[in-house]
Undergrad: 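One structure follows; several queries about it will come next.
Sequence positions, counted from 1, serve as the residue numbers for this chain.
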Amino acid sequence: TFRFRPRGVTEASIEVYRRRLARECIHFVGHLWELHHCLDARCAMAPPWGVAWAKSNQPELCAFCREKSERRMKTAPA
């Protein structure tokens with residue numbers, strides 16, 4: 001969270017902070033599942049240093065990354 005702007009106290013700023021935190025978490029868990037950076041700027045696996053990362057606030061994976069992560073979970077040892 002060291003890259004985050006301060007959270008603020010308004011409901012809107014708290015929501016922006018929560019979405020950013022969720023996106024960061026999904027991104028790092030994606031790396032744990034061996035997902036790589038995605039070219040889709042709306043995807044949580046897009047590189048965080050890109051301009052699109054700051055503009056897109058959606059904490060979700062694109063269809064390709066979602067399918068790849070689901071395949072990885074199905075083949076993981078129990």
Undergrad: What is the distance from atom CG of Leu35 to atom CZ of Phe28, rounded to the nearest 0.5 Å?
TA: 13.5 Å
Undergrad: Linking I/L/V/M/F/W/Y whenever any side-chain heavy atoms sit under 4.5 Å apart, do Met73 and Val29 land together?
TA: yes
Undergrad: What is the distance from atom CG of Asp40 to atom CG of Leu61, rounded to the nearest 0.5 Å?
TA: 10.0 Å
Undergrad: Who passes side-chain contact (heavy atoms from CB on, under 4.5 Å) against Glu60, sequence neighbours left out?
TA: Gln58
Undergrad: Find the distance between CG (Leu39) and CZ (Phe64) and round it off to the nearest 0.5 Å.
TA: 9.5 Å
Undergrad: Check Cys62 against Cys38 and note the closest heavy-atom contact, atom names and distance.
TA: SG-SG, 3.6 Å
Undergrad: Regarding His37 and His27, do their side chains bring together a donor and an acceptor under 3.5 Å, going by distance alone?
TA: yes
Undergrad: Measure the CZ-CD1 distance between Arg66 and Ile26 for me, rounded to the nearest 0.5 Å.
TA: 10.0 Å
Undergrad: Are any side-chain N or O atoms of Arg23 and backbone N or O atoms of Arg18, one a donor and one an acceptor, separated by less than 3.5 Å?
TA: no
Undergrad: Which residue pairs pass the salt bridge (Lys or Arg N to Asp or Glu O under 4.0 Å) test with at least one member in residues 68-78, sequence neighbours excluded?
TA: Glu34-Arg72, Glu67-Arg71
Undergrad: Closest heavy-atom contact between Cys43 and Cys65?
TA: SG-SG, 3.8 Å
